[in-house]
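By convention in this document, chain letters (A, B, ...) are assigned in the order of the sequence lines, proteins followed by strands, and residues within each chain are numbered from 1.
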There are 2 protein chains.
Amino acid sequence: MLNIGDVARQGGVSVETLRYYEQQGLIETPDRDANGYRKYAPEVVRHIQFIKRAQDVGFTLRDIGDLLSLKTDPGASCSDVRDRALGKLSEIEEKIDVLSRMRDVLSTWTNACPSTGPVSACPILDALEARKGPANADR
Amino acid sequence: MLNIGDVARQGGVSVETLRYYEQQGLIETPDRDANGYRKYAPEVVRHIQFIKRAQDVGFTLRDIGDLLSLKTDPGASCSDVRDRALGKLSEIEEKIDVLSRMRDVLSTWTNACPSTGPVSACPILDALEARKGPANADR
DNA sequence: GTAACCCCTGTAGTATACTTTAGGGTCAAG
DNA sequence: CTTGACCCTAAAGTATACTACAGGGGTTAC
Ligand SMILES: [Zn+2]
Ligand SMILES: [Zn+2]
Ligand SMILES: [Zn+2]
Ligand SMILES: [Zn+2]
C-alpha cells in the first residue's frame, strides 16, 4: 500500500493533483489509514497514467471521466469509445485548421515586412489597421 | 462623436468589451460628456478592428498592448513589429505540431478500433492503459 | 410622467486544470 | 522530545478574455 506521496512520485504528478483528481471523481476514493492518510493500491499508478495519456492526446478531464465511465459500463461498446476518439479527432483537426490559417497570414505578413525603417511604414501594422483585404489605403 | 453603444455596434463588439479594453489600456481613455457618458471619435472603430484582427491571427490582448506601444514609440522600428510576428508564428507552429501529433495518434487508434464488441477489448482503451509503447500486455 | 432604452461603476462569475495558502495533525530519527 | 518530512482539509489564487449582475442615473417619445 502506498501513501499519496509515493503515488505522486511514481505517477509523475503532484500530491495536490492527486487530491484534485479524487475530488473530480477521476480516481477511486482511497481507503484511509487509522491516521486519516490515504492508502493506495499500486495499480492506481496505472490509472493516473491512463489520465495523463488521455490528456496527451487532447482529452479534457471531463472527457476522461466519460471514458472511465465507459470502461466500467457493461452496456458500453467499443464504438462508444471510438466515437469519443473520433469526436476529439475532429476537434483537433478544427484547431489545426484555425491555427494553420493564422500561420499562413502571419507568414505572409512577416515576409512582406522589410524589417528596416520606422513602424509607420510597417506592412504588418498596415495589414492590422486595414479595412479587410490584404492591401488598401488607410482611408 | 459616438456613444459607446454606437462604437460597439460599428466595431462588432459589446459595450462591456469596450469598457474592458479601456480598462486594459488597449484603447485611449475617451473624454466624457457632461452626463458622464464616454464620447468617442469615429476613428476608435478602426482601433477596435485592429485589436480584433490581431486576435484573429493569434495575438493575445497583452501582445496587442505591446504592438500598440510600438506603434506610438518613435524609437521603434519595423523589425520590432516583425519580431513579435515571428515570435507568434513560432508559437503557432509549435501548437500545430503538438496538435498534429495528437491527431496522428488518435487517427491510428481509431483505425485500430473495430467499433464492435465490448469495451474490454477496445484497442483505444488498451493504448491509454498501456505502459508506453503502442503494443504491450497489461502487466 | 412614465415606459423603453441608453449610460455609469464596481464586483463577481465563467471555463480549465491545477497550484497555493492557511492552519493544523502524524511519524521516524536522533 | 524536538526536528523534518509527510499527511490532512477547505478555500482562494492563477491565466485569459470577457460576461453578468447589482444598483442607480440620463434621455426621448408619447
Ligand atoms: Zn486500470
Ligand atoms: Zn514591418
Ligand atoms: Zn489608428
Ligand atoms: Zn474500440
Side-chain angles (χ1 to χ4, degrees), chain A residues 1-27 29-40 44 47-68 87-88 91-92 94-95 98-99 102, chain B residues 1-27 29-40 44 47-68 88 91-92 95 98-99 102:
Chain A
M1 284 301 183
L2 308 168
N3 276 339
I4 195 167
D6 304 322
V7 177
R9 266 183 297 279
Q10 290 181 36
V13 297
S14 73
V15 169
E16 293 76 24
T17 297
L18 287 177
R19 288 197 277 247
Y20 176 71
Y21 285 172
E22 180 183 335
Q23 182 204 318
Q24 297 301 113
L26 294 172
I27 51 182
T29 309
D31 288 342
R32 299 300 183 105
D33 224 337
N35 52 22
Y37 288 17
R38 292 169 178 80
K39 299 307 276 186
Y40 295 92
V44 80
H47 294 170
I48 287 149
Q49 288 168 347
F50 180 101
I51 294 170
K52 295 192 72 188
R53 274 193 215 95
Q55 283 187 306
D56 284 347
V57 295
F59 289 107
T60 64
L61 293 186
R62 180 180 296 271
D63 296 330
I64 294 168
D66 258 34
L67 247 26
L68 292 171
K88 188 54 61 178
E91 276 179 40
I92 288 172
E94 172 78 37
K95 285 186 187 170
V98 169
L99 289 168
M102 291 179 180
Chain B
M1 285 300 185
L2 307 167
N3 275 340
I4 194 168
D6 304 321
V7 176
R9 266 183 297 279
Q10 290 180 35
V13 296
S14 74
V15 169
E16 292 77 22
T17 298
L18 288 177
R19 288 197 277 246
Y20 176 70
Y21 286 172
E22 180 183 334
Q23 184 203 315
Q24 298 301 115
L26 295 172
I27 49 182
T29 309
D31 289 342
R32 298 301 182 105
D33 222 338
N35 52 21
Y37 288 16
R38 292 168 177 80
K39 300 308 275 184
Y40 295 93
V44 80
H47 294 170
I48 288 149
Q49 288 166 347
F50 180 102
I51 294 170
K52 296 193 70 190
R53 276 194 213 95
Q55 282 185 305
D56 284 347
V57 295
F59 289 107
T60 65
L61 293 187
R62 181 180 297 271
D63 296 330
I64 295 168
D66 258 33
L67 246 25
L68 291 171
K88 188 54 62 176
E91 276 180 39
I92 288 171
K95 285 185 187 170
V98 170
L99 288 168
M102 291 178 179

Grab the [atom1]-[atom2] distance between [X] and [N] for me, whole Å please.
X: B/I27; N: D/dA17; atom1: CD1; atom2: P; value: 15 Å
X: A/R32; N: C/dT26; atom1: CZ; atom2: P; value: 14 Å
X: A/Q23; N: C/dT19; atom1: CD; atom2: P; value: 13 Å

Between [X] and [N], does any side-chain N or O lie under 4.0 Å from OP1 or OP2?
X: B/Q55; N: D/dC18; answer: yes
X: A/T17; N: C/dA17; answer: no
X: B/R38; N: D/dG26; answer: no
X: A/S14; N: C/dT19; answer: yes

From A/I64 CD1 over to A/F50 CZ, what is the distance, rounded to the nearest 0.5 angstrom? 7.5 Å

Of all the choices, C/dC8, D/dC7, C/dA17, which nucleotide is nearest to the side chain of A/I4 once you look at every atom? D/dC7

Candidates C/dT26, D/dT9, D/dG26 - which lies nearest the side chain of A/N35: C/dT26

State whether the side chain of B/D63 and the backbone N or O of B/T60 hold a donor-acceptor pair below 3.5 Å, judged by distance alone. yes

What nucleic acid atoms does [X] come within less than 4.0 Å of, heavy atoms only: base, sugar-phosphate, or nothing?
X: A/R19; result: base
X: B/N3; result: sugar-phosphate
X: A/Q24; result: nothing

Quick check: on DNA chain C, is the nucleotide nearest B/Y37 upstream (toward 5') of the one nearest A/E16, or the reverse? Name the residue that is more 5'. B/Y37

Would A/D56 and A/R53 satisfy salt bridge (Lys or Arg N to Asp or Glu O under 4.0 Å), going step by step from the backbone distance to the final call? CA-CA 5 Å; A/D56 284 347; A/R53 274 193 215 95; over 6 Å; no

Would B/R38 and B/R19 satisfy side-chain contact (heavy atoms from CB on, under 4.5 Å), going step by step from the backbone distance to the final call? CA-CA 10 Å; B/R38 292 168 177 80; B/R19 288 197 277 246; 3.7 Å; yes

